[in-house]
Asker: 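Sharing a structure with you now.
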Protein chains: 2
Amino acid sequence: MTMHPLERRDIPAATVTRLPIYLRSLQDLASRGVTGVSSDELAAAAGVRSTQLRKDLSHLGSHGVRGVGYDVGHLTAQLAHALGVTRIWPVAIVGMGNLGRALAAYSGFATEGFDVVAVLDRDPTIVGERVGELTVLPMTALPRLVEERGIAIGVLATSPSGAQEATDALVAAGVEAILTFAPVALTVPPTVSVRRVDLATELHVLAFLRQPDAGVIPSSRGTTRAGSTKVGRAG
Amino acid sequence: MTMHPLERRDIPAATVTRLPIYLRSLQDLASRGVTGVSSDELAAAAGVRSTQLRKDLSHLGSHGVRGVGYDVGHLTAQLAHALGVTRIWPVAIVGMGNLGRALAAYSGFATEGFDVVAVLDRDPTIVGERVGELTVLPMTALPRLVEERGIAIGVLATSPSGAQEATDALVAAGVEAILTFAPVALTVPPTVSVRRVDLATELHVLAFLRQPDAGVIPSSRGTTRAGSTKVGRAG
DNA sequence: GAATGTGAACTCCTTCACAGCA
DNA sequence: TGCTGTGAAGGAGTTCACATTC
């Protein structure tokens, strides 16, 4: 899965993953009537250091005023433009189990510039069911959806065993960006972008951090390493 | 949210986030009757390069046989031990909206060594409702749950505006590991670990990658950078 | 004076190249 | 010979220090 390359036009991958957070923080500020903000303030809201924020923004060009700070409206527009959220992106969700239904109902997508325009499942007993305002479609509907609705992003909420099949269907239909929740490696052509959200892995990492004594691993060589004991946190 | 420190006992943070994937791949192999595996094969199954896999495993000690490969059973045990999944971790989910309910029903947690033993919500009209085999509890039940059920991990599926309040309640009750789906920065004591899953951010990144021309950012200086055009993919 | 923008140092991670062993 | 384990090299990302500009 590897946090593979992801760069475009000189914006580092790590920066790209933070831009949405800045954008959201700015929108939040704007909704509270704030019109100007310093890198210190915005960084605090986003949960990063101000030098990180400034370095990130520097990849988009210079949009602040020295001695003053950033104009909330202007910076918002710049970030939205950089991320390509000046338009609404139609999204299809494949797999209408518990997770798929929750995602279909998740209001967060709508407010962030994404519109779930279709939900699909390969199971004929589920096809035709109502999910919110949508009707579950069969997988055969994909090519047409891509063509007519301009779907460019597919969300995969299938079982692990069905993930590759669903991926192949998405790719065959012309979808080139996939967000998957299935904890398996997907094989895709190099032109297709995949991002994976792995819930169990996140819990595993937390469990690892909470382990009091995980430290001592029985090594065939009998070595025991002490190790730094920093513990993760998030601002 | 910064991929903040996370190391313990000399296992790099980046490695820790991959160990669960290896573990799952191994379990999958075992279920198919495979007893031995090479780093090439396991790496392919996990979607990483074999040198990466071997370097990662080297942090746990030497458990392979040169010229042969790894014993699936033995390596599985080592990984499970390193990650601390030799026990079942009780988990509480806070926030019983769509997402919270889906997570409560998500079978993935159970198969990975986690057990959702309680679901909570601050809304009195939801408290008492049935969610699967559980009854929604009020937030006041938290301290007791931590004490009696040994809950060490909390999952936050609240609205963004309710996230900090829920976090404070979890922390006050003694929970020191939080997985949050709310797209806001959380303030926690340094002893508390937080991991965030941000669905909208993942879509934003995909949208960014799919943008044909995002490149040209109107800069006040009029500079335009060409930029490398590598595109992310995941194996 | 105050806060941005950025080269340089530093730290962390990945990949390479190959030594070491069955 | 085949595959693991690892030092060294190479990249990427973060932090520092400070020049720059309003």
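Side chains included, hydrogens not; waters and symmetry mates left out as well; all remaining heavy atoms used. Proteins come first, then strands; the chains are lettered A, B, ... in the order of their sequence lines, and each starts at number 1. Predicted, not measured: the structure shown is a model, and the values here were computed from it.
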Asker: Ignoring hydrogens and angles, does a donor from either the side chain of A:Arg66 or the base of D:dT20 sit under 3.5 Å from an acceptor on the other?
Answerer: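 Such a pair exists between side chain and base.
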Asker: Establish, with yes or no, whether the OP1 or OP2 oxygen of D:dT14 is under 4.0 angstrom from a side-chain nitrogen or oxygen of A:Arg49.
Answerer: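 Indeed not, no polar side-chain atom of A:Arg49 lies that close.
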Asker: From the options D:dG5, C:dG5, D:dG13, select the nucleotide whose nearest atom is closest to the side chain of B:Tyr70.
Answerer: D:dG5
Asker: Sequence neighbours left out, what passes salt bridge (charged side-chain N to carboxylate O under 4.0 Å, His left out) with A:Asp28? Give chain and number order.
Answerer: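 Applying salt bridge (charged side-chain N to carboxylate O under 4.0 Å, His left out) to A:Asp28 gives A:Arg32.
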Asker: Please determine which of B:Ile178, B:Leu170, B:Val175 meets the side chain to side chain contact (heavy atoms under 4.5 Å, CB included) test together with B:Val94.
Answerer: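 For B:Val94, the side chain to side chain contact (heavy atoms under 4.5 Å, CB included) check succeeds only for B:Leu170.
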Asker: Return no unless some side-chain N or O of A:Gln52 is found under 4.0 Å from OP1 or OP2 of D:dG13.
Answerer: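 Looking at the OP1 and OP2 atoms of D:dG13, neither is under 4.0 Å from any side-chain N or O of A:Gln52.
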Asker: I need the full list of side-chain hydrogen bond (donor to acceptor under 3.5 Å, both in side chains) pairs touching residues 167-180 of chain B, with sequence neighbours left out, sorted by first then second residue.
Answerer: B:Gln164-B:Asp168
Asker: Nearest heavy atom decides the nucleotide; on that basis, is A:Thr15 or B:Val65 closer to the 5' end of DNA chain D?
Answerer: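 The residue closer to the strand's 5' end, by nearest nucleotide, is B:Val65.
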Asker: Given D:dG13, C:dC13, D:dC16, which nucleotide is nearest the side-chain atoms of A:Ala13?
Answerer: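 Looking only at heavy atoms from C-beta outward on A:Ala13, the closest nucleotide is D:dG13.
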Asker: Is there a side-chain polar atom (N or O) of A:Arg54 under 4.0 Å from OP1 or OP2 of C:dT4?
Answerer: yes
Asker: Mind checking what makes salt bridge (charged side-chain N to carboxylate O under 4.0 Å, His left out) contact with A:Glu112, not counting sequence neighbours?
Answerer: A:Arg24
Asker: List in chain and number order the residues that pass side chain to side chain donor-acceptor pair (under 3.5 Å) with B:Glu165, two or more places apart in sequence or in another chain; answer none if no residue qualifies.
Answerer: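 B:Glu165: side chain to side chain donor-acceptor pair (under 3.5 Å) contacts with B:Arg122.
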Asker: So if I take residues 30-43 of chain A and measure heavy-atom distances to DNA chain C, which residues fall below 4.0 Å?
Answerer: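 Heavy-atom contacts with DNA chain C come from A:Ser38, A:Ser39.
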Asker: Among residues at least two apart in sequence or on other chains, which ones pass side chain to side chain donor-acceptor pair (under 3.5 Å) with B:Ser159?
Answerer: B:Ser161
Asker: Anything under 3.5 Å between a protein N or O and an N or O of nucleotides 7-11 of chain D, put it in a table, one pair a line.
Answerer:
from: D:dG7; atom 1: N7; to: B:Lys55; atom 2: NZ; distance (Å): 3.3
from: D:dG7; atom 1: O6; to: B:Lys55; atom 2: NZ; distance (Å): 3.4

Asker: What residues form a ring-ring contact (aromatic ring centres under 6.0 Å, His included) with A:Phe109, not counting sequence neighbours?
Answerer: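 With sequence neighbours excluded, A:Phe109 shows a ring-ring contact (aromatic ring centres under 6.0 Å, His included) to A:Tyr106, given in chain and number order.
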Asker: Who pairs with B:Ser39 by side chain to side chain donor-acceptor pair (under 3.5 Å), at least two apart in sequence or on another chain?
Answerer: B:Arg54
